[in-house]
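Notes follow the structure.
For ligands, and for the atoms within them, numbers begin at 1 and follow the listed sequence.
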Amino acid sequence: MSEKRNPVIVVHGGAGRWHPERSQPGLAGVKKAAKVGFDIINNRGTAVDAVMEAVAVMEDDGSFNAGYGSSLNIEKEVEMEASIMDGKTLQAGAAGLLKDIRNPVRLARIVMENTDHVFVVGKGAEKLAKMFNLERRDPKTELRLKYYEQQKEALLDGKFELPKLSELIKRHIEFFELETVGAVALDKDGNVAAATSTGGFPLKLPGRIGDSPSIGCGTYADNEAGACSTTGVGEVAIRLVLAKTVCNHMGNGKTAQEGVELAVKLINRKMPAIYNHMGLIAVDSHGRIGAAHNSPNMCWAYLTPKTQEPITSLTAEIVKESL
Ligand code: ASP
């Protein structure tokens, strides 16, 4: 049963290594997103509306790897993806392989509310976007094109072969600024929601689908537990079904903070160190927030009636131990 709650929103702009010159725009972006989302739930809007609009703000910002400013794949193309989940109904929607949808999260919501499916990609997703008159925008920015050239040169040393992802990270960790975006919220009616959006891992193979649109991996929400959004190496979050793992902890009585920390400890135990740069945000059904990572940074913000203004940071609880 939903009860009256104080509204809470937590957003992230990605784990990884936030370079000093990019930190201010990142912090300003998550601050704006938290404010937009919070204003919705503070005025009796739903958690689903709040996470969607918060993520849309970050997709429009240009500072993040989502929407405008998405990372490029190995073929210099953008393939965006996003998901959203309503903890009240367990309805969920996701879309992937998107080339020019301005706000992939809005398409994810269209999938959730207007189809019988959870996940639609490629041509079908593009058709759906057309049917619902979603706005288009070329997501490529000068910055990402510059990163692409640098990354490709460094990673491939001029050779056109793609080593395994873990090898890429081991050799060139400095290039893996992840910057995926996500949001979790609890509204006044006690409903939780989560949403996540990304251009995906830089230099990914065409057609690769990551954790961000995968329900249970990058995004999960259940009123009986809470909501979670993840960032980092998508394959790790998929293999550990990370967002659902955090929700299981919260459903079993752990706080949101305990849930995300336990999840990072699990990552540290199960996955080789070089491959495990991850970050998580969560809110539990009591409105307690959680944020933890094992990457150098995670750009994030939260806002509750107590804080009045968004609290922003480039680090949360950095967890290095294993379970
Ligand atoms: N999780 C995203 C992916 O692997 C990357 C990120 O978090 O920035 O697609």
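The 12-atom threshold is not exceeded at NZ of K123, counting heavy atoms of other residues, nucleotides or ligands nearer than 6.0 Å. Residue K140 places its NZ atom among more than 12 non-hydrogen atoms of other residues, nucleotides or ligands, all under 6.0 Å distant.
For ligand 1, the polar-atom distance check finds no N/O of T230 at less than 3.5 Å from any of the ligand's N/O atoms. The distance criterion of under 3.5 Å between nitrogen or oxygen atoms is not met by G200 with respect to ligand 1.
Considering D211, V181, T198 only, the shortest heavy-atom separation from atom 3 (C) of ligand 1 involves D211. Between A237, G232, G199, S229, it is G232 that holds the heavy atom closest to atom 1 (N) of ligand 1. Closest heavy-atom approach to atom 9 (O) of ligand 1 within the set K204, E81, R208, H277: this belongs to R208.
When only modelled atom types and interatomic distance are considered, D187 and T46 share no side-chain donor-acceptor pair under 3.5 Å.
Heavy atoms of T231 found under 4.0 angstrom from ligand 1 belong to the backbone as well as the side chain. Counting heavy atoms under 4.0 Å from ligand 1, residue H12 does not touch it at all.
Across all non-hydrogen atoms, the minimal contact from S83 to I215 is CB-CD1, 3.9 Å.
Remark: ligand 1 atoms within the under-4.0 Å shell around heavy atoms of E179 are 8 (O).
Between the side chain of H249 and the backbone N or O of V260, no donor-acceptor pair lies under 3.5 Å.
E59 has no carboxylate O lying under 4.0 Å from a charged side-chain N of R102, or vice versa, which leaves the two without a salt bridge.
The closest approach between E235 and ligand 1 stays at or above 4.0 Å for every heavy atom of the residue.
Two different hydrophobic clusters hold V36 and I9 under the rule that ILVMFWY side chains link at heavy-atom gaps under 4.5 Å.
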